[in-house]
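The structure appears below as structure tokens.
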Amino acid sequence: MYRTHTCGELRSENIGQQIILSGWVQRVRDLGAMRFIDLRDRYGITQLVTDENTPESIYEVLENIGREYVIQASGTVRERTSKNPKIPTGEIEVELSGLKILSSSEIPPFTIEEETDGGDELRMKYRYLDLRRPVIRKNLELRASIAGTVRTYLNNEGFIETETPVLIKSTPEGARDFVVPSRMNPGEFYALPQSPQIFKQLLMVAGFDKYYQIVKCFRDEDLRADRQPEFTQMDCEMSFVEQEDVLNTFEGLIKYIFKEVKNVDVENFPRISYSEAMEKYGSDKPDIRFDMTIVDLTDSVKGKGFSVFDNAEYSGAICVQGGADYSRKNIDELTNWVKRPQIGAKGMVYIKYNSDNTIKSSVDKFFNTVDLQRLINIVKADRGDMILLLSGNKNETLNALGELRLEIGKKEGLRIKNVFKPLWVVDFPLLEWDGETERFFAMHHPFTSPKTEDIELLDTDPGRVRANAYDLVINGVEIGGGSVRIFDSELQSKMFSVLGLTREKAIMQFGFLMNAFKYGAPPHAGIAFGFDRLVSLFAGLDSIRDVIAFPKNNAGRDVMMDSPSSISREQLDELNLKITTPQKH
RNA sequence: GGUGGCGUAGUUCAGUUGGUUAGAAUGCCGGCCUGUCACGCCGGAGGUCGCGAGUUCGAGUCUCGUCGUCACCGCCA
């Protein structure tokens with residue numbers, strides 16, 4: 001027997017018991033005649049102790065052990081002379097009567113403690129050591145707990161968890177596919193799924209009615225802190241439902257997770273349209289933990305001889321509460337910030353409504369006090385506030401104002417980590433014009449149904465057609481999204497043709513789905529959640545890497561395994577593949 | 001594809017205008033220590049300043065290139 005207890009469970013009730021523990025050596029404190037060993041496992045740390053009564057044989061073993069050795073310790077639980085209230089096992093210690101090295105360890109490259117001295121790169125390379133740290137392990141425990149909660153909820157709601165294939169067919173729409181060569185079918189490739197989209201719709205045709213899956217998805221696109229090439233979705237689909245049913249079911253799920261995992265009661269999720277989100281927050285994933293909404297001043301600032309405003313397609317403002325005390329330096333910094341290429345504003349105008357009732361702005365030359373007071377009234381600024389204006393092309397300016405709003409929200413401490421404000425963004429546009437290829441793309445995906453009242457616009461003004469599509473946004477992060485699907489093969493064909501797919505191409509790529517729809521497809525709708533993002537939100541992290549056991553780096557490499565890597569000549573031959581560019585290494 | 005940050009001891013970092021033998025903390029090794037729990041005290045070892053070229057009497061420091069890494073833009077239905 002390796003252990004009778006874990007390193008986290010012994011208490012004063014166990015005093016006097018003979019026990020066996022196994023675990024990793026966290027640290028040895030050598031006081032000469034006494035030694036203390038902190039023994040760690042998943043469950044906690046227990047202190048082992050030796051003194052003058054300890055047999056010599058144990059000291060002989062002790063001489064050889066170091067940090068991260070795996071040892072088995074037997075002994076008697078006794079009360080500590082000086083207790084440690086900081087740890088749950090701090091009342092007791094184990095007086096050693098036996099000690100065995102189960103596995104030795106080299107000196108680890110960084111300290112394995114709550115606060116490690118290791119940098120990101122090193123911790124990634126030795127991920128299995130980093131995972132020993134409680135702070136990382138807790139993230140993965142949280143992940144498991146959320147997954148369990150999701151399953152409980154959806155199982156209770158009658159959903160069937162169904163697996164779908166990973167080796168599937170490449171489709172041109174959407175993200176770039178990862179592809180897998182087929183040995184048995186020379187020159188042909190599988191694709192890894194970007195999502196199980198089509199399969200879940202086929203399951204609806206199959207009558208499964210309520211489906212879900214916690215499933216890996218793959219997208220071969222450039223990465224970010226919140227984007228990995230392989231990531232996990234909570235994927236769901238329901239039949240005989242309308243948008244409202246889906247929103248209610250999954251609002252319920254999210255609330256249930258908050259309650260079960262964080263014991264937080266979240267209010268009903270507000271719903272705002274895509275266009276309102278863009279107008280008020282400059283984003284389709286607004287952070288509504290704070291207001292500071294955008295006000296359209298396009299017409300209000302025209303006609304004063306300031307050509308920037310006069311010639312602008314759009315001028316808009318946000319009001320920084322208490323911002324009148326921003327220094328010249330603060331404002332210059334913000335101005336430079338919005339002028340960075342990533343934001344792309346040409347400049348920034350400020351109006352300070354000082355607490356002594358005076359007004360100071362960077363456009364005093366063009367606007368007198370009455371003009372400025374009028375703007376202050378429109379924006380509903382109070383004394384002590386500051387208004388910031390950006391001007392230019394409408395979409396770009398709204399986007400820049402949205403970014404500025406978030407930046408100031410961050411600076412002002414308004415984006416509080418443990419405050420959660422979910423909302424639904426609805427009525428997304430169905431299509432999105434791509435200037436480069438001069439065609440429409442599906443904003444969500446090609447199976448998304450247009451709003452009934454907008455269907456006729458498909459022929460006349462496709463860009464204005466709204467979709468029955470929705471996103472769940474929490475704290476400025478897109479957590480999930482879905483849509484009501486097309487279940488009518490006529491409408492689906494129409495959609496393909498608007499997307500520029502010929503009938504032949506559509507049949508080649510999606511023929512099996514169109515065929516399926518010929519045999520009685522139920523009305524259906526669904527949603528998918530970014531599981532990694534959801535967990536990182538609960539964990540209070542900005543990066544999803546620390547909620548993934550073995551994540552990849554910025555360039556999609558696994559620095560621990562050093563993958564991707566080249567394959568042998570034999571493997572290439574077997575797959576009928578030829579490498580045309582010189583390989584690294 | 002683009003923009004920016006970083007790369008110096010095992011690790012995390014400092015390193016002045018380009019100027020003597022490149023420092024600190026921590027870790028590691030050795031010694032002392034009977035109540036520690038980030039134990040303490042004393043001593044010691046440890047460096048291809050990412051790599052390559054260039055400028056210079058002289059480069060950790062400046063320039064160019066390259067590699068690695070992180071963040072962002074494009075991209076991600």
How many whole angstroms separate atom CD of A:Glu113 from atom P of B:A25? 18 Å
Length of the line joining A:Glu121:CD and B:C70:C1', which is rounded to integer Å: 9 Å
What's the closest nucleotide to the A:Asp222 side chain, out of B:U36, B:G74, B:C76? B:G74
Row check, A:Phe231 ring normal vs A:Arg227 NZ/CZ: under 6.0 Å, within 45°: no
State whether A:Arg29 places a side-chain N or O below 4.0 Å from either non-bridging phosphate oxygen (OP1 or OP2) of B:C39. yes
The nucleotide from B:U34, B:U36, B:U3 with an atom nearest the side chain of A:Gln342 is B:U3
Can you tell me which nucleotide in B:C75, B:A38, B:G68 comes closest to the side chain of A:Lys86? B:A38
Side chain of A:Pro109, heavy atoms from C-beta onward: which of B:G10, B:C28, B:C76 has the nearest atom to it? B:G10
Does any nucleotide pair with B:C76 by Watson-Crick or G-U wobble geometry, both distances under 3.5 Å, and what is it? none
Would you measure the distance from the C1' atom in B:C13 across to the matching atom in B:A22 and give it in whole Å? 14 Å
Answer with base, sugar-phosphate or nothing: what part of the nucleic acid does A:Ala33 contact at a heavy-atom distance below 4.0 Å? base
With both distances under 3.5 Å as the test, what is the Watson-Crick or G-U wobble partner of B:G7? B:C67
Measure the distance from CD on A:Glu68 to C1' on B:C28 and round it to the nearest whole Å. 15 Å
Can you check whether any acceptor in the base of B:C76 is under 3.5 Å from a donor in the side chain of A:Arg227, or vice versa? yes
What is the distance, to the nearest angstrom, from the NZ atom on A:Lys125 to the P atom on B:C70? 14 Å
Taking atom types as they are modelled, is there a donor-acceptor pair under 3.5 Å from the base of B:C37 to the side chain of A:Arg80? yes
For A:Phe110, answer base if it contacts any base atom (sugar-phosphate contacts may also be present), sugar-phosphate if it contacts only those atoms, and nothing otherwise; contact means non-hydrogen atoms under 4.0 Å. nothing
Separation between the P atoms of B:U8 and B:U61, rounded to whole Å: 13 Å
What contact category does A:Ile107 fall into here, base, sugar-phosphate, or nothing, at under 4.0 angstrom with non-hydrogen atoms? sugar-phosphate
Has the side chain of A:Glu93 got a donor or acceptor that lies under 3.5 Å from a partner of the other kind on the base of B:G35? yes
Please find out if less than 6.0 Å separates the ring center of A:Phe428 from that of A:Tyr470. no
Starting from P on B:G5, measure out to CZ on A:Arg340 and report it in whole angstrom. 12 Å
Can you check the distance between B:U11 and B:C72, where both ends of the measurement are the P atom (answer in whole Å)? 26 Å
Across every strand shown, the nucleotide meeting Watson-Crick or G-U wobble geometry with B:U34 (both distances under 3.5 Å) is none
Compare the minimum distances between each of B:G27, B:C76, B:G35 and the side chain of A:Arg67, then state the nucleotide with the smallest one. B:G27
Taking a pair to mean Watson-Crick or G-U wobble geometry with both distances below 3.5 Å, B:C28 pairs with B:G44
Checking all strands, does A:Leu122 fall into the base, sugar-phosphate, or nothing category for heavy-atom contacts under 4.0 angstrom? sugar-phosphate
Picking from B:C75, B:U69, B:C37, which would you name as closest to the side chain of A:Asn553? B:U69
Rounded to whole Å, the CZ-P distance (A:Arg224 to B:G2) equals 14 Å
In whole angstrom, what separates A:Leu48's CG from B:C37's P? 17 Å
Is there a donor on the side chain of A:Arg78 or the base of B:G35 sitting less than 3.5 Å from an acceptor on the other? yes
Could you identify the nucleotide paired to B:U56, looking across every strand shown and requiring Watson-Crick or G-U wobble geometry with both distances under 3.5 Å? none
Would the base of B:C33 count as contacting A:Asp30 through its side chain, where contact means a donor and an acceptor less than 3.5 Å apart? yes
A:Ile87 and A:Gln47: CA distance, side-chain angles, deciding distance, side chain to side chain contact (heavy atoms under 4.5 Å, CB included) verdict: CA-CA 10 Å; A:Ile87 58 171; A:Gln47 175 168 285; over 6 Å; no
Pair A:Thr448, A:Ile486 - check side chain to side chain contact (heavy atoms under 4.5 Å, CB included), show working. CA-CA 6 Å; A:Thr448 300; A:Ile486 297 169; over 6 Å; no
Whole angstrom value for the distance that separates P of B:C72 from CH2 of A:Trp337: 12 Å
Is any side-chain nitrogen or oxygen of A:Arg545 closer than 4.0 Å to OP1 or OP2 of B:C70? yes
Remember a base hit wins even if backbone is also touched, and classify A:Gly119 as base, sugar-phosphate or nothing at under 4.0 Å, heavy atoms. sugar-phosphate
Using atom P in both nucleotides, what's the gap between B:U66 and B:A71 to the nearest angstrom? 22 Å
Nucleotide forming a Watson-Crick or wobble pair with B:U17, both distances under 3.5 Å: none
Audit row: A:Tyr190, A:Ile168, side chain to side chain contact (heavy atoms under 4.5 Å, CB included) steps and yes/no: CA-CA 5 Å; A:Tyr190 300 101; A:Ile168 67 165; over 6 Å; no
Would you mind telling me which of B:C70, B:C72, B:G68 lies closest to the side-chain atoms of A:Asn554? B:C70
What nucleic acid atoms does A:Ser195 come within less than 4.0 Å of, heavy atoms only: base, sugar-phosphate, or nothing? base
Do A:Glu230 and A:Arg219 sit within salt-bridge range, that is, some charged N less than 4.0 Å from a carboxylate O? no
Going through the checks in order, is the side chain to side chain contact (heavy atoms under 4.5 Å, CB included) test met by A:Ile548 and A:Gln228? CA-CA 10 Å; A:Ile548 296 171; A:Gln228 285 272 303; 3.8 Å; yes
So A:Val559, base contact, sugar-phosphate only, or nothing? Heavy-atom distance under 4.0 Å. sugar-phosphate
So, does A:Arg27 get its side chain near the phosphate of B:C39, meaning an N or O under 4.0 Å from OP1 or OP2? yes
Is there side-chain contact between A:Pro551 and A:Arg127, with heavy atoms separated by less than 4.5 Å? yes
Nearest of B:U69, B:G27, B:U36 to any side-chain atom of A:Gln47? B:U36
A:Asp471/A:Lys285 ion pair, N-O < 4.0 Å: no
